[in-house]
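Below is one structure; the comments refer to it alone.
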Amino acid sequence: MMTYIIRRCLYAIPVLFGVNVLVFLLFFLVNSPDHMARAHLGQKRVTPEQVDAWKRERLLHLPYFYNAGWRRIGSLPAAESENTAEFPTAGSGEYALMIEAPPPPRASTPRLVQLQSSPPERLRLPPDFDAQGMLRLAADSPTRRLFFHITPGESAKPPALRITFTLEVPTPAHRVLLEYKEPLPLLARLTRTIFFQRSVKMLAFQYGTSEDGKDIGGEILKRIGPSLSITVPAFVFGLWLEILVAMGIAVYRGTYVDYWGLILCVLMMSISALFYIMGGQVLLGQILRLVPISGFDYGPSGLKFIVLPVIIAVMASLGGNVRFYRTLFLEEMQRDYVRTARAKGMSEWNVLFIHTLKNAMIPILTGVVVSLPFLFAGSLLLESFFAIPGMGSFMLEAIQRQDFAVVQALVSLGSFLYVVGLLLTDISYTLVDPRVHLE
Amino acid sequence: MLMGLGWAFVLALAALSGCTNNPYRSSEAGRNIYYDTFHEEPKHLDPARAYSADEYVLINQIYEPVVQYHYLLYPYTLVPLTAVSVPVPQLYDRDGQPLSPDDPAEDVAGVVYEITLRPGIQYQDHASFARAPDGTYLWHLPPGASLPAVEHPDALPAKGTRELRAADYVYQIKRLAHPLLECPIFSLLADYIEGFAEFRQMLDGEIAAIRAARRQAAGVFYNQEADERTNPIYLDLRRYDLPGVQIVDDLTFRITLTKPYPQFLYWLAMPFFAPVPWEVDRFYTQSAAVARNFTLNRFPVGTGPFILAEYRPNYRMVLQRNTHFHAEAYPGEGSPENAARGLLADRGKPLPFLEEAVYMLEKESVPRWNKFLQGYYDDSEIGSDVYDQAVQVSAAGHMELTEALRAKGIRLETDVEPSTTYYAFNMLDEVVGGYDLNKRKLRQALSIALNIEDYIQIFRNGRGIAAQGPIPPGIFGYEDGPAGINPVIYEWDEQLGRPRRKDLETAKRLLAEAGYGASTPLVLFFDTTAGGPESKAFLDWLRKQFAAIGVQLQVRSTDYNQFQTKVLQGNFQLIQWGWNADYPDPENFLFLLYGPNAKVTSQGENAANYDNPQYNELFRRAETMVNSAERAALIREMLAIAQADAPWIWGLHPVGYGLYHAWQHNTKPLTFAGNTLKYKRIDPDLREQSRMAWNRPITGPLWGALTMIIVATIPATISLYRRQRRVPQR
C-alpha cells in the first residue's frame with residue numbers, strides 16, 4: 001500500500017504542474033499585465049509611466065515564457081508628422097525597432113523611418129533600407145519590428161542612434177520603441193519570465209505576496225478558520241441529518257411519508273442555493289428575528305452568525321443526498337443477510353441500525369471522503385452573502401481585483417486538495433471494505 | 001419525528017445564541033457608537049497612495065491636511081484646519097520680485113504658498129514616537145531585531161506622542177515623489193512643484209544604488225523581490241532637498257509652484273497633503289515592522305479626531321476617539337436652510353461627538369439594507385432594487401418616503417452629486433468623429449434622439465438631472481434657467497419653466513442633412529461592459545432611442561479589460577463613461593474635453609479625444625484663473641463650442657438619496673469634505689429603544705412547524721408499528 005501511495009503522490013506532480021500552466025494561460029489570455037496594473041492603480045489619472053513602474057516592481061514586465069533578452073532602451077512617441085530623437089546604445093549587438101501604430105483604419109497612413117548612427121560605419125541595416133538609412137512602410141500592418149546590428153568597433157564609446165519617424169498624415173497613437181538584445185545565459189532565458197517567477201514557485205508552496213503586497217500564505221491561514229466554522233458543522237450536521245432522514249424514509253417505504261418525502265426532496269434539489277440564502281435571511285433574520293441577517297465574529301460570540309449559514313448549507317444539499325442514501329438503504333434492505341437477521345428474530349431497529357447502516361456506509365463514506373479537503377476551500381456564495389471572511393470570499397475578491405498571485409495560489413491549493421481527496425478516498429476503501437487492496 | 005430532530009437542533013442553536021438578530025456584541029449595547037459598512041478591503045490607507053472613496057472614508061477621519069472644506073457653507077468653501085489661515089498664493093517674477101494677481105500671467109515665474117500651523121496640535125499615541133530616557137527611539141530597531149508578537153502597533157507596550165511640526169508636511173510631500181510608493185498624482189504635481197521631477201530622479205538613483213549594493217553583497221542568488229519583502233528600503237527623506245518645498249521654522253513651511261495653479265489649494269485639502277512624521281516612516285519601513293505586517297498602508301498615524309483602533313479588513317474596522325485631538329468646535333455659520341434642517345443645533349460644541357465608529361464588512365446590498373431597517377446601521381443609500389420599498393410619489397407629485405419607513409422615523413435627504421455621466425463619441429472615428437458641419441449635425445441628431453430625461457425616469461427613478469454641459473450644479477460656471485441650457489438639444493419651455501428636448505423631427509432633419517436617410521442608413525456601434533440579463537432592459541431601451549430616427553445601434557459587449565484597451569486605442573464609436581470631481585472647480589470638468597488630455601495621444605482623461613483648438617485656447621486661459629466674471633464668460637464660450645461640436649451626448653448629474661434614522665443628527669448626504677465623521681451625533685438611548693421594539697424574536701412558528709411534522713408522521717408510525725407486530729399468517 002505504501003508503494004501505491006508514493007506512486008500516486010508522484011502522479012500528482014505532473015497534474016499540479018499542468019493545472020498551474022492552465023491557470024497561467026487562462027488568466028493571461030484574459031488579463032494582460034497592463035490590465036492588471038490599471039485595475040490596481042485605479043481609475044483616475046493613471047499615466048503610462050506608473051503602469052510601467054507597477055509592472056517592473058512585480059516582475060510583470062518580463063516576457064511570459066521565454067526571455068530572448070530583448071530590453072527596451074528608448075521610446076519615441078510620434079504624434080507630429082515628423083519626429084526625431086537620439087538615443088545612446090549599449091554597444092555592439094542585435095537591435096530592433098518596434099513601430100507601434102493604432103489598429104486600422106486609423107493606421108492607414110504611409111510611414112517613413114530613417115536610422116542614422118554616429119559614427120555611421122558601425123550601423124548594419126538590412127537590405128530593405130536604402131543608402132540614407134530610410135525605409136518606407138506601407139499603410140497596412142499596425143505593428144512592425146525591424147532588426148538591425150551594430151558591429152564591434154575600435155572606440156570604447158558605443159555609438160548613438162538617431163531615429164527619424166515621419167507620418168504622411170499625422171496620426172496620434174504611433175510610437176517607435178528601440179530595443180536591444182541582451183546576451184542572456186540559457187537558464188536566465190527561462191527563469192527571467194513571468195511564468196517561472198509566478199507559477200513554478202507555486203509548486204513549492206511559495207505563495208509570495210498578493211499584488212498589493214500582502215503575504216498570501218498568512219492570509220490563507222487567517223481565512224481557513226472562518227471557512228471551517230461554517231463548512232465543518234454543515235458537513236457533520238448535514239451528513240447526520242441526511243442519513244437519518246434517508247433511513248426514516250426507507251423505514252416508512254411505501255407509505256405516504258415515503259411518497260411525500262421524495263416529492264419534497266426533488267423540490268429541494270430543484271431550488272437554487274441563492275434562494276435558500278435570501279429566503280433564510282428573510283425568514284429567520286427578518287421575519288422571525290432569531291439570528292442576525294449576516295455578519296461574522298471570532299470566538300463564542302460568533303455562534304449566532306454561523307447558525308443560519310449552516311442551516312442553509314445543509315438544506316441546499318439535503319434533497320439530493322437523501323434520495324441517494326435512501327436508494328442505498330433500500331438496496332441493502334433487500335439483501336439476503338437482512339432477511340437472515342430478520343428470520344433469526346432480530347428487532348427491526350437492530351436490523352436497521354446494526355446491519356443495514358454499517359453496510360450502506362461503504363458507498364456513503366467513499367463519496368464523503370473525497371469532499372473532505374474541500375471543507376478548507378469554503379463556499380463562494382454563502383461567504384459573500386453572509387460577509388464571512390473565509391477562503392471562498394478570498395477567491396471571489398481576488399478574481400474581481402485581477403490579483404493573479406492570489407488566484408494562482410488558491411487554484412494551486414484547490415488542485416492539491418483535490419489530489420489529496422482522491423488519495424484519501426482510495427485509502428478509505430481499504431479501511432471500510434476488506435475486499436479492496438491497493439497494489 | 002426524524003425531520004423534527006433537525007428543527008430541534010435549529011431551535012437549540014437559536015436558544016443558545018440568546019435568540020437575537022443583533023449582530024453586535026452585547027458589550028456594545030447603548031454606547032455612543034456609529035455603525036456603517038465597507039464593501040471590500042481598502043487597498044491603501046497610506047495618504048500618499050489612497051485615492052478612492054472607500055479609502056477616504058477612513059483616513060479622512062485620521063489624517064489632517066492644512067485646510068478643510070466648511071461643513072455647511074455652499075458653494076464649497078475652504079477653511080483652515082491645522083493651519084492658522086487658508087494660505088494665499090504669492091506670485092513672483094523671474095527676478096524674485098513679488099507680483100500682484102493682476103499682472104500678466106506670462107510674467108509669473110513662481111507661486112509661493114506659505115503655510116503656518118497652529119501650535120500645540122498633538123499626534124495620537126503611537127509606538128513610533130516612544131523614546132527611552134536617553135532620547136533614543138524604543139521601536140526604531142536595528143536590522144534583525146523583532147517586535148513583540150502583537151496584532152496592532154497600538155498594542156506595543158510603550159507609546160508616545162509629539163507636537164505637529166511643519167517638517168511633517170514637508171516629509172509627506174517628499175513621499176509623494178517616492179518611486180516605491182506609486183503616488184497616483186505624482187505626474188500632475190511634477191508639472192507644478194518646483195524641482196519635483198528631479199527630486200524623484202534623485203530618489204530613483206538612490207534606490208538603484210541601494211539595490212546594486214545589496215545585490216553585490218548577496219551574490220548570484222540574490223532575490224530582490226524576496227529580500228525587499230522582508231527588508232524594505234528605507235530612505236530618510238529629510239536628507240534629500242526638494243527646492244519647491246522648504247521648512248521655514250518649526251511651524252511654517254513654504255511650497256513653490258513654477259506656474260499659477262489656484263486649484264492647488266483644493267489638493268492641499270486632500271489626504272495627499274496630510275502630515276507624516278519621519279519617525280512613523282522610519283518605524284514602518286523596518287524589517288521588524290514588516291514581519292508583523294505593520295505598514296502605513298494598514299495602520300495610519302495622524303492628528304485627527306479618530307484613530308484606527310482595530311484593523312481587521314476581513315471583518316470590521318473600528319475608529320476610536322483620539323484622546324489627543326486638538327480643540328475644534330462645530331461650525332457656527334450656515335444658511336437658514338441648514339438651520340431648518342437642524343444642522344446648527346450643535347454650533348460651538350466641541351468635536352467629535354462620537355466615541356467610536358464601527359465599519360462592518362458587508363458584501364451584498366440586500367443584507368445591508370435589511371439591517372438598516374432593523375436599526376443596526378445608522379444610515380443607508382437607496383439601491384435601485386429597494387427603491388420601491390423606500391420611496392413613493394406623493395399625491396402632490398414629489399418624492400417622499402413610504403409609510404413603513406416614515407413610521408420608523410427615517411429621514412430622507414437628497415443632494416446633487418458633483419459628478420457627471422456621458423456618452424462619448426470617438427472624435428477620431430471616421431463615421432462619428434470629425435469637425436466639419438455634417439459630422440457635427442450627425443452627433444447633434446444622435447444627441448437629441450437619446451432621451452436622457454426618459455432614462456432618468458426609467459432607470460434611475462428620477463434621481464438625476466439631465467446635463468446641459470459637463471459642469472454639475474454647485475460648481476462655478478453652472479448656470480440655472482434659460483441661460484444655462486444647451487441650445488443645440490433643448491429649448492426653454494416657458495410654461496413649465498424647464499428645458500424641453502427638441503423633437504425627433506429636428507433630429508431626423510439634422511441626420512438627413514448629415515447625409516443619412518432611408519437609402520443610406522447609419523449603423524452605430526456602442527461599446528459597453530454591460531452584457532448580462534440585468535442590462536438587457538437598458539440596452540433595448542438604448543437601441544429603441546436611436547431606432548426612432550432610423551439609426552441602427554449595434555451593441556458590442558466586452559469585459560472591462562477589453563473595453564479599456566479599446567478606449568485607450570481609440571477603437572470605438574460610442575461609449576458611456578462618468579467623472580467624479582476631485583475638487584469643486586470647473587477646470588476639473590472642462591479638462592475632460594481638453595485636446596492635449598486625449599486618451600489616445602496622452603492617455604489622459606479625455607475619452608472622446610475631442611481636440612478643438614479654439615476650446616483648447618480658451619481652456620488654457622480659464623484653467624488657472626480665479627473665479628470671476630471674466631472666467632464665467634470664458635467658460636460660457638467654451639460650453640457653447642463644446643455643445644455645438646457635441647463630442648459627448650451629455651448625460652446626467654446623479655442625485656444622491658441618503659436615508660437616516662431618527663437618532664442620527666447633523667447629517668448631510670454629500671459634500672467634498674471627507675472628514676465628516678466628527679460632526680455626526682448619535683442618540684444611543686433612542687437607538688437602543690427602537691432596536692428593542694423592532695426586533696422582538698418570534699419563535700412560535702418554529703414550534704408550530706415542529707409540531708406539524710411530528711403530527712404528520714404519527715399515522716405512518718402507527719401503521720409501521722402495526723406492520724412489525726403483525727403475526728405472519730399462513
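A, B, ... follow the sequence lines: proteins, then strands. Residue 1 opens every chain.
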Could you look at B/L361 and say if it's the side chain, the backbone, both or neither that has a heavy atom under 4.5 Å from chain A?
both
With sequence neighbours left out, what residues match A/R192 under side chain to side chain donor-acceptor pair (under 3.5 Å)?
none
Using non-hydrogen atoms and a 4.5 Å limit, figure out which bit of B/D559 sits close to chain A: side chain, backbone, both or neither.
side chain
Which bit of B/P179 is near chain A, if near means a heavy-atom gap under 4.5 Å: side chain, backbone, both or neither?
neither
What part of B/A712 gets closer than 4.5 Å to chain A, counting heavy atoms only: side chain, backbone, both or neither?
backbone
Check the side chains of A/D297 and B/Y315 for a donor-acceptor pair under 3.5 angstrom, ignoring hydrogens and angles.
yes
Chain A contacts, top residue of B/N597, B/N609, B/T717 (heavy-atom pairs, under 4.5 Å):
B/T717
Under 4.5 Å heavy-atom distance to chain A, tell me which part of B/F563 shows up: side chain, backbone, both or neither.
neither
Which atom of A/K304 lies closest to which atom of B/Y24, heavy atoms considered
NZ-O, 2.9 Å
If I measure from the heavy atoms of chain A, does B/Q374 come under 4.5 Å with its side chain, its backbone, both, or neither?
side chain
Side chains of B/K363 and A/S393: any donor to acceptor distance under 3.5 Å?
no
Check: B/V366 and A/I293 side chains under 4.5 Å, non-hydrogen atoms
no
Contacting region of A/L59 [heavy-atom separation from chain B under 4.5 Å]:
side chain
Is there a side-chain contact between A/Y298 and B/R312, using heavy atoms and a 4.5 Å cut-off?
yes
Please identify each residue that fulfils salt bridge (charged side-chain N to carboxylate O under 4.0 Å, His left out) with B/E364, with sequence neighbours left out.
none
Is it the side chain or the backbone of B/S52 that comes within 4.5 Å of chain A heavy atoms, both, or neither?
neither
Can you tell me which portion of B/L180 sits under 4.5 Å from chain A's heavy atoms? Options are side chain, backbone, both or neither.
side chain
Of all heavy-atom pairs between A/G285 and B/N21, which one has the smallest distance, and what is that distance?
O-ND2, 3.3 Å
